[in-house]
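So the structure is just underneath, and the comments pick up after that.
None of the values given here were measured: they were computed from a predicted structure. This chain uses plain numbering: 1 for the first residue, then up along the sequence.
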Amino acid sequence: MSRRRPRTDAAVGDHLTGHVDALAALEQALAQPPGDDLHALLRDVQQALQEAMDERQLALRRYAALFDAVPDPVSILSESGVVLDLNKAGIRAYGRAREDIIGQPIELLNPDLPNDHLDPVWEALRRGETYVIEVTNMRGDGSRFPVEVHSAGFEHQGEHCIVAVARDLSSRWQAESRYRLLMESIDKGVILFDRDLRVISANPAAHRILGTQGNGGSLAAMLSPDDWISVDEHGHPLTRDQWPAAEALLRGRIVRSTIVGLYHRPRGRMIWISTTNVPVYGNGRDCPDHVFGLFSDITELKRNNTLFDRAQSLAHIGGWEWDRGLQRLYLTDEAARILGQELPLQDMAHLMDCLRLDDRSQLQQALLDVIDRQVPFELELQGQRSDGHSFWVRMIGEAEAGDVNAARIAGTVQDITSRKHAEETLRIQARTDPLTGIMNRDAVLTDLATRMGSPTHCKVGVLYIDLDRFKTVNDLLGHNAGDELLIDATRRISTAIGTEGLVARFGGDEFLVVCDTRDQPDQPERLAEAITRAFSTPFRFGSDEFSVTTSIGIARAPQDGLRPQQLIQNADIAMYDCKRRTRNGWQVFSPELAQRQHDRLQIESRLHRALDDDEFHLVYQPQVNLHTGQLVAAEALIRWRNSQLGELRPDIFIGHAESTGDIVRIGLWVLNEACRQVRQWQDDGLGIVRVAVNVSYRQFVGEDLARNVRQALDQYGLPGSALELEFTERVLIEDAPDTLQTFARLREMGVLLTIDDFGEGYSALNYLRRLPIHGLKLSQMFVEGVPGNRSDVAVCEAVCGIARSLGLGLVAEGIESEEQRRFLHGMGVTVGQGFLFAPGLSPDEFARRLPPRR
């Protein structure tokens, strides 16, 4: 873009130089022998040009004087933001030489501008408006100063330019800062009201005293009549017209030191203030149009007086008060001594933490009765001091007279420990798990029944926790190590949930956590996350480390159950689903989950008999050369046809078979049936290189897989090369020593070994390089996204690289388009299968595609 400058002093000087040259030429022409009319015409032109030059010089001096007379920095910018000219005020303000600024982009003076900063400027100028903005400019020494910039547009010699005037705001900012500092530092609350008692402004002390700081609410809603109830010092309600601020506006005089009680409905908080209200008159007005309210918090002083009076009137040993709005608990010294806690009890929740679980619900219900029905209470409660000794107290409480909505509840506590201690000790023993010291099964069922039977406590959540791999530790290291693990697991769970839930040992390595969901519906999920994190660190037993995680199921009452056993059963269903799918996590119960559980039971009950009832059959999917299209192998795929359930795919029932252990018998049948079918094809004169059979990890850790393969090959007279075994990556980490031995024996037979769905599971590359395998099978999960999905392409390229580096064969499954075939073939994948070539075929259909045996 052109950077041609407007005609400033330098530009106009250049222009005048051209006129001087023209005058010199005219003088030379006039010095020639005189002509007639031409000579007179040239003299007239000379005189006109001289007058024009004089006017130009005068205009230049006026422009320079006017430009430099402006006290604020003025910049002339090109359309692209290059500084074309700058007045003397700008040179002084920016502390730079003129030649260091002219010709430079405006970002030199304001390096904080975004790349598109000129877009809104030109948008405003094209609308015929002046663009105004506050920014921070930078001097030559790097210091910054605030300015308000007014920009206008003009056109010069066909180009759009900008004139920008910058007003230094430093003085105004300093004055405003001093005012803000005064308002922010004063300890008294200050609120400015208009004539309608709407809040115009409020200082931080006002927000702090009223408890509105950080809540994101508007000033207009700060003292909304819908949210606040006001009372006088005797507890009598005040209308809005009776506010001291309204009285100051009405009377036009200062209303001093008035005590007012304010109750905030949304937060249930009661505060007391002493307020002075000062009317403010506008210029020439007879009536005030604003009023300043200045106030101090006197809640503490009023509380102390009330506690003293109550302790004298009731003549009990220790006094307490609970401010529900502030969520603060206040105790007299004697009450604190009775409760015997090392740290101050600052909230009712802290006091409840000192109590046994049953008594917490009693006290909570009693407090609700005071709030809802103004009914006083007297309870006998048991808890524990910080020194470990238990205590019994008689606790009395009631709402203060005149207190709106029982915002403050107060009373006394009396020590009755000596009378109750022996009885309570027996009760604790009956409810405690002897190993872990937490509640046992009966205790938690009783507590849960109490909660679910109460109208105000029926919203509860249950977390059913099972320790993953606990049986492994118990079997390997013995029961003493298992007991230590349970004790440590109890500690981790208890620490994770803190005071937000109740933990109990439900049996064996299973735990139950019960929590309240009334105020925090997501409480179960948050506790589940905390418990999961608590088990991220391995357990240590001597020099050994074991990773023991948790599978957690979550159920809520009343939607997931109206009885404790039903609620726990549904949480157990969710836990089982979590353990089956992922482990080390949590799952929320849902009706769909219950239906899947029912369907799973139906499938598992019929699956166990399916093999005996001859309900399985195999189909064969061709594996072809991606270059020639020649059929080179087949994968045997199992199908289940049940008279009641219909035809079921492997992804529906294989998982059930693995969890029940039926997969071992089914896998052996598949192995023998595939070998039998290959033998039959060969007897029919057909040729096939090999058939791939899927092998479950349970066949590695259960039966002798190598022996079963040897028997199947021998029974049907097949070489090992006729069989390929496909296994998932889970096999790699289940039992490494036995796996290595089994793989070695299979390889000696000539059986091909392939990792199926490589990349979906654990990708244990350390084991991959040690095991004597032949190939990898690229998962359909990644094949279906190529070549359009960059992530899938990257995974496929990585797997191909691994295969090439380790000298392994590679098969791609799930090929459904010619575009996928070409892409995979271009990456070096030689063999593939998928619907592009054929689905799973019956033995007869597959036989028709086989070439004759040579």
Please set out all donor-acceptor pairs under 3.5 angstrom arising from side-chain atoms of residues 826-834, sequence neighbours excluded.
{"from": "Gln833", "atom 1": "OE1", "to": "Gln623", "atom 2": "NE2", "distance (Å)": "2.7"}
{"from": "Gln833", "atom 1": "OE1", "to": "Lys777", "atom 2": "NZ", "distance (Å)": "3.0"}
{"from": "Gln833", "atom 1": "NE2", "to": "Gln621", "atom 2": "OE1", "distance (Å)": "2.8"}
{"from": "Gln833", "atom 1": "NE2", "to": "Glu635", "atom 2": "OE1", "distance (Å)": "2.7"}

Only counting residues at least two apart or in another chain, list the ones meeting side-chain contact (heavy atoms from CB on, under 4.5 Å) with Ile487.
-> Leu435
Distance under 6.0 Å and angle within 45° of the ring axis: does Arg849 meet both against Phe837?
-> no
Could you note down all residue pairs passing salt bridge (Lys or Arg N to Asp or Glu O under 4.0 Å) where residues 709-722 supplies at least one of them, sequence neighbours left out?
-> Arg710-Asp714
What pairs with His608 under side-chain hydrogen bond (donor to acceptor under 3.5 Å, both in side chains), at least two apart in sequence or on another chain?
-> Asp662
Partners passing side-chain contact (heavy atoms from CB on, under 4.5 Å) against Ala847 (at least two apart in sequence or in another chain) = Trp681, Leu686
All N/O donor-acceptor pairs, side-chain side in residues 668-677, below 3.5 Å, sequence neighbours left out:
{"from": "Asn672", "atom 1": "ND2", "to": "Leu668", "atom 2": "O", "distance (Å)": "2.8"}
{"from": "Glu673", "atom 1": "OE1", "to": "Arg676", "atom 2": "NE", "distance (Å)": "3.1"}
{"from": "Glu673", "atom 1": "OE2", "to": "Arg676", "atom 2": "NE", "distance (Å)": "3.4"}
{"from": "Glu673", "atom 1": "OE2", "to": "Arg676", "atom 2": "NH2", "distance (Å)": "2.6"}
{"from": "Arg676", "atom 1": "NH1", "to": "Gln680", "atom 2": "OE1", "distance (Å)": "2.9"}

Hey, could you give me each pair passing side-chain hydrogen bond (donor to acceptor under 3.5 Å, both in side chains) that has a residue in residues 786-806? Not counting sequence neighbours.
-> none
All side-chain contact (heavy atoms from CB on, under 4.5 Å) counterparts of Arg679, not counting sequence neighbours = Gln682, Asp683, Tyr716, Leu718, Arg853
Give the ring-plane orientation class for Phe653 versus Trp640, where under 30° counts as parallel, over 60° as perpendicular and anything between as tilted.
-> perpendicular
What pairs with Glu500 under side-chain hydrogen bond (donor to acceptor under 3.5 Å, both in side chains), at least two apart in sequence or on another chain?
-> Gln523
Between Phe846 and Leu631, is any pair of side-chain heavy atoms under 4.5 Å apart?
-> yes
Identify, with sequence neighbours excluded, every residue that meets ring pair (Phe, Tyr, Trp, His ring centres under 6.0 Å) alongside Phe541.
-> none
For His479, check side-chain contact (heavy atoms from CB on, under 4.5 Å) against everything at least two apart and list the hits.
-> Asn474
Contacts of type side-chain hydrogen bond (donor to acceptor under 3.5 Å, both in side chains), residue Asn584, not counting sequence neighbours | none
